[in-house]
2 protein chains.
Amino acid sequence: MTYSEENYLKAIYHLSLFQKKGVNTNAIAKMIDSKASSVTDMIKKLAEKNLVEYQKYQGVSLTAEGLLEAKMIVRKHRLWEVFLVEKLDFSWDEVHDVAEELEHINSEKLINKLDAFLGFPTEDPHGDPIPNAKGEIKKMDKKLLSELKLNQKSICVGVKDSSSNFLKYLDKQQIALGSTIEIIEKESFDASLIVLVNGNEMNISNKIASNLYVKTV
Amino acid sequence: MTYSEENYLKAIYHLSLFQKKGVNTNAIAKMIDSKASSVTDMIKKLAEKNLVEYQKYQGVSLTAEGLLEAKMIVRKHRLWEVFLVEKLDFSWDEVHDVAEELEHINSEKLINKLDAFLGFPTEDPHGDPIPNAKGEIKKMDKKLLSELKLNQKSICVGVKDSSSNFLKYLDKQQIALGSTIEIIEKESFDASLIVLVNGNEMNISNKIASNLYVKTV
DNA sequence: ATATATTTTTAGGCAAATCTAAAAATAAAT
DNA sequence: ATTTATTTTTAGATTTGCCTAAAAATATAT
Ligand SMILES: [Mn+2]
Ligand SMILES: [Mn+2]
Ligand SMILES: [Mn+2]
Ligand SMILES: [Mn+2]
């Protein structure tokens, strides 16, 4: 498989998590940062290889084979992110771009040895689940902080937006995976929150709260 | 730089170590496993980018810039080989192909962090020198076992041929980097040797002896 | 229901990297 | 010094992945 094919499969996979129907051509183009016509071309090729199901004008979905391939790419991406953070001291906002390259390295032995070396982690540095060697994903039940009830104690377990910008903001506010979070007041005017993060009171906007995953305790 | 351009630079670099004049088109084609016409095309592109010096029919050589680029690719290749052997328990005959892919990952931070993580190694698992971040190569004085004098004690420090085939043969004979080697008899008929490897007597052919580097002690 | 807007596909082209076959230059041999 | 052989370059195609612009299909609005 080429890098380009792998990137398309991954894009379709990510989009299909939020889209029960077929994934839209335009959505893929946006994610891959290319044009709709290019997407149509590639989709035809992937369909030819039985990696996606495709009917003209009806969007596209992964076949069982395509789904497994996509999960293996995601697995590699997230394992490399763990490696970069745990072993090479990268911060969580620096790993994505490098992992985008590393995810295409093609060696089953490499990735399984890396998995073992890292102690078979189940989540990446952003709290996203890492598929195991069979493609199985242990799903954690987590909710957005914006949906958390008042005075309900919780732990930060992930981010929805993992842009460098957002992650750096969290660093500055000393919010990290594992931080305890509790909402002590909701402002109805702008849906901002006053929260306790590791016991420290702070004010966060609704936008922030809508991009933080928490697990109630 | 594209993967292909990097592979050409690396090939020219390796060939230029044994060739004081310009490197031949055909030699590059052979190493890259492509055709002379393809090489000519690529050389023109590299010359355009000032990475090589090129005059029609006169072969090609690296510019200072091209040389540094080539060394950085070699650096990455060999550091990844160390990583695979030291951290992921690959054997020395399994690392080359994976390193061929990993060497193209493009992140200065990654490679320098990896270097530190590995403890700034100066040689790869085959005894080849690893250029430092500035491209400097510490050269060790080593000679081929076939050139070693009778009864001169030495240590195995590298292999000239690093094909999987040869490396597996060495494993079978329990010859490894660090093994002590001494020639106790030379057979003039076929230039084969009777040697002591870590004290064990064995017979090795001239071909083997011509592919093992040793350092006298 | 018809007109308008949006999405998707097709048609035709381009750049990178490769190839084969032919031509040109260089090297080797008589 | 010519001829012959080898090496290298050019010419012309091919494949992959992408693009723009136009056409076709689908969705939305009146
Ligand atoms: Mn990522
Ligand atoms: Mn991640
Ligand atoms: Mn190697
Ligand atoms: Mn090596």
Side-chain angles (χ1 to χ4, degrees), chain A residues 1-16 18-62 66 69-70 73 100-101 103-104 106, chain B residues 1-16 18-62 66 69-70 73 100-101 103-104 106:
Chain A
M1 245 200 311
T2 66
Y3 281 27
S4 196
E5 289 172 334
E6 292 190 343
N7 283 332
Y8 275 90
L9 282 186
K10 192 172 50 131
I12 295 166
Y13 171 73
H14 286 310
L15 289 167
S16 66
F18 297 89
Q19 177 107 13
K20 222 47 201 171
K21 308 239 168 175
V23 175
N24 296 29
T25 301
N26 267 346
I28 297 169
K30 197 171 198 174
M31 180 162 279
I32 294 276
D33 199 33
S34 67
K35 296 300 155 72
S37 55
S38 307
V39 173
T40 302
D41 283 351
M42 180 57 85
I43 282 174
K44 284 177 179 170
K45 190 152 57 122
L46 295 174
E48 202 64 41
K49 293 188 174 187
N50 275 303
L51 295 165
V52 300
E53 200 67 58
Y54 170 58
Q55 285 168 255
K56 272 189 192 178
Y57 296 100
Q58 301 311 126
V60 70
S61 59
L62 295 168
E69 288 286 357
I73 299 161
E100 285 288 306
E101 296 194 46
E103 73 188 3
H104 299 291
N106 204 356
Chain B
M1 243 196 319
T2 66
Y3 281 26
S4 196
E5 289 172 334
E6 292 190 343
N7 283 333
Y8 275 90
L9 282 186
K10 192 172 50 128
I12 295 166
Y13 171 74
H14 285 310
L15 290 167
S16 66
F18 296 89
Q19 177 107 15
K20 223 48 202 171
K21 308 240 168 174
V23 174
N24 296 28
T25 301
N26 266 347
I28 298 169
K30 197 170 199 175
M31 180 161 280
I32 293 277
D33 199 35
S34 67
K35 297 298 156 72
S37 55
S38 308
V39 173
T40 302
D41 283 352
M42 179 57 86
I43 282 175
K44 284 178 180 169
K45 190 153 56 123
L46 294 174
E48 202 64 42
K49 293 187 174 188
N50 276 303
L51 295 166
V52 300
E53 201 67 58
Y54 170 59
Q55 285 169 254
K56 273 190 191 178
Y57 296 98
Q58 301 311 127
V60 71
S61 59
L62 294 169
E69 288 287 356
I73 299 161
E100 284 289 304
E101 295 194 46
E103 72 189 3
H104 299 290
N106 203 355

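In this text the structure is predicted, and so the values were computed from the model without any measurement.
E100(B) has its side chain within reach of K10(B): a pair of non-hydrogen atoms, C-beta onward, lies under 4.5 Å apart. Side-chain contact between Q19(B) and N24(B): present, with at least one pair of heavy atoms (C-beta onward) separated by less than 4.5 Å. Looking only at side-chain heavy atoms (C-beta outward), N7(B) and E103(B) come within less than 4.5 Å of each other. Inter-residue side-chain proximity for E5(A) and L51(A) is flagged as unmet; no heavy-atom pair is nearer than 4.5 Å. Here the side chains of L46(B) and V60(B) are not in contact, with every heavy-atom distance at 4.5 Å or above.
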Close N or O pairs between protein and nucleotides 23-28 of chain D (under 3.5 Å):
unit_1, atom_1, unit_2, atom_2, d
dA25(D), O4', Y57(A), OH, 3.4

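By the 30° and 60° cut-offs, the orientation of the rings of Y3(A) relative to Y3(B) is perpendicular.
A70(A) approaches L62(A) most closely through the heavy-atom pair CB-CD1, 4.2 Å.
Considering only the side chain of M42(A), dC18(D) comes nearest among dC18(D), dT9(C), dC19(C).
Contact annotation: T40(A) side-chain N/O to dT9(C) OP1/OP2 distance is under 4.0 Å.
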Practice item. Go through the steps for V23(B) and V52(B) under the test side chain to side chain contact (heavy atoms under 4.5 Å, CB included), then give the verdict. Key: CA-CA 11 Å; V23(B) 174; V52(B) 300; over 6 Å; no
Under 3.5 Å, which donor-acceptor pairs do the side chains of residues 32-39 of chain A form with other protein atoms, sequence neighbours left out?
none

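Rounded to a whole Å, the CG atom of D41(A) is 12 Å from the P atom of dT16(D). If you measure from atom CG of L46(B) to atom C1' of dA16(C), you get 13 Å, rounded to the nearest angstrom. Taking atom CD on E5(B) and atom P on dA15(C), their separation rounds to 16 Å, with Å as the unit.
Remark: N24(B), T25(B), N26(B), A36(B) in residues 24-36 of chain B come within less than 4.0 Å of DNA chain D through at least one heavy atom.
One donor-acceptor pair, N or O on each side, does fall under 3.5 Å between the base of dT20(D) and the side chain of S37(A).
When heavy atoms are screened at a 4.0 angstrom cut-off, Y8(A) is found touching the sugar-phosphate backbone but no base atom. Here Y54(A) lies in heavy-atom contact (under 4.0 Å) with sugar-phosphate atoms only.
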